[in-house]
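Everything on this sheet refers to the single structure shown next.
Numbered from 1 within each chain, the chains take letters A, B, ... in sequence-line order. Just so it is clear, the structure is predicted and the values come from calculations on it, not from any experiment.
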2 protein chains.
Amino acid sequence: MTQASDLDSLIRKLERRDVLSAAEREALISAAGSRESYPAGADLVREGDRTDRSILVTHGFTTRYRVLADGQRQITAIHLPGDFVDLHSFLLRKMDHSVGALSNVRVVTFPHANLRLITERHPHLTRMLWLTTLLDGAIHREWIVAMGRRSALEQMAHLICELFTRLNLVGLAEFDREVNLPITQTELGDTLGLSAVHVNRTLQQLRAEQLIVWQGQSVRVLDWGRLTSVAKFDPTYLHLEREPR
Amino acid sequence: MTQASDLDSLIRKLERRDVLSAAEREALISAAGSRESYPAGADLVREGDRTDRSILVTHGFTTRYRVLADGQRQITAIHLPGDFVDLHSFLLRKMDHSVGALSNVRVVTFPHANLRLITERHPHLTRMLWLTTLLDGAIHREWIVAMGRRSALEQMAHLICELFTRLNLVGLAEFDREVNLPITQTELGDTLGLSAVHVNRTLQQLRAEQLIVWQGQSVRVLDWGRLTSVAKFDPTYLHLEREPR
DNA sequence: CGAGGTCTTGAAGACGATCAACAAACGTGG
DNA sequence: CCACGTTTGTTGATCGTCTTCAAGACCTCG
């Protein structure tokens, strides 16, 4: 069964934005269903699926992606522990994208029936769950800005800044230490809308400018200040303030 | 004061996705606050604002946009009548983008206090409002796919297909008739992440291929089937099915 | 009628894609 | 523990899409 500690990242993420009552934490824990594991490369959900549950990542990394008719692939979101991969399926019902595992992942499922109960009994907790999907939307908008108006170098730097900040939030990154990012250059290309070759050259440029070290899955930011300035990274869109919501 | 008919587009948009009870329609109407008007070019909301209300467009077109330090601009959403421009400000609190009027617009405001009451008394209506922000997110994802993996021509065709479909939903477009789109080529460029010059050439190509006629603000699709196939437009992401949510 | 915004066109150049080949790292089974 | 096959990363050369710059036409509205 699900253990309370599985929800630590989620609760940490929520409590960064507002206070949760003990009753709300309880409600969240009792809404959780089964634990599951998926190997790297597996699909957790497929485009077109109609599921009766939403999935929370507890360990590992996943992506939302779509594959076009000609085989081209675009990743539209990267999920870290504490992120729901498809909370929107609770109301959208039919998946308009797939969800794949970047690394081996462990998840906890939330039956939609239980989520519905939360919306009927816990207005504030409902708003907090709603908030997590709004944060998704804010990140989507930032990616649109990056894809539309930033160079490959800026875009890459921006993604690294975002991932570090979000990982830090759930205790998985310190800004001056190396971090584990299980994502290949091909996947980075599918995320940023670039070719894998150009991703490679962009990373080399970031390395040449002494901004990062990226070897295998280990990434280290050498100069956070300069990286954020290259990226024009402003974390406002992550809404990190704790306030009544 | 707000008239019930101001909410027609919103209610039409919601009822396309699920049934609303009379009590829910009432609750929505009584949650509405003042009516306001803005001239084309005005800002309804500015990045950094903390507002105590959310805005619903009843007439006209608006955009969400961000301006980068170097003056570059990126539009991240286009709103039609029946769309909330910033329902997310109810929970995100601080705006991470601005909202501008593409045309003269009329709006109805919803004080956050009233929205909060809805979340406390009307679980299903709350889910429907939540749903509208999830639809925003789904559209964002589709734009990310378009920006990352589609050519300028495909991207432009896709945007036209999306706008026609969304306008049709609120009774403002027939697929074989001309439609009023108050958006300049510069603004199209800021939407698609292209230069205004390239937007111009892309539109000329769509015209040369007998797909559209676009003169001033009047747009007419000449061959919906071929346009959707050029755009690889699949409306799944707009979640047009009516079902329990 | 004039002025500012919008649209259009041409020329040159940059950024990133594509193609191709090879090196390095990884994992799997023998 | 090594051999081998596969995935991932790296490099060079060429190509194409889209950008930038610049100028002129058109249009709308005071």
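- As a whole-Å value, the separation of B:Q217 CD from C:dG5 P is 17 Å.
- A straight line from CG of B:D190 to C1' of C:dT6 spans 14 Å, rounded to a whole angstrom.
- The distance from atom CE of A:M147 to atom P of D:dT17 is 19 Å, rounded to the nearest whole Å.
- The CD atom of A:Q185 sits 18 Å away from the P atom of C:dA23 (whole-angstrom rounding).
- Under 3.5 Å, the side chains of B:Q215 and B:S218 contain no donor-acceptor pair of N or O atoms.
- Spacing between atom CG of B:L153 and atom C1' of D:dG16 amounts to 15 Å, rounded to whole angstrom units.
- Using a 4.0 Å cut-off between charged nitrogen and carboxylate oxygen, A:D86 and A:R64 do not count as a salt-bridge pair.
- A donor-acceptor pair shorter than 3.5 Å cannot be found between the side chains of A:T51 and A:D49.
- Taking atom CG on A:N200 and atom P on D:dT8, their separation rounds to 14 Å, with Å as the unit.
- An OP1 or OP2 oxygen of C:dT9 is reached within less than 4.0 angstrom by a side-chain nitrogen or oxygen of B:Q204.
- In this structure, A:R207 atom CZ and D:dG9 atom C1' are separated by 9 Å, rounded to whole Å.
- Using cut-offs of 30° and 60° on the angle between ring planes, the pair B:H158 and B:Y237 is parallel.
- Between the side chains of B:H88 and B:H97, a donor-acceptor pair is found at a separation under 3.5 Å.
- Under the 6.0 Å distance and 45° angle rule, A:R53 does not count as a cation-pi partner of A:F110.
- To the nearest angstrom, P of D:dT8 lies 14 Å from CH2 of A:W214.
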Do nucleotides 19-30 of chain D as a string where each nucleotide becomes B, S or -: B if the base has a protein heavy atom under 4.0 Å, S if just the sugar-phosphate does, - if no protein is that close. BBB---------
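- Contact annotation for A:R150: no contact, since no heavy-atom pair falls under 4.0 Å across all strands.
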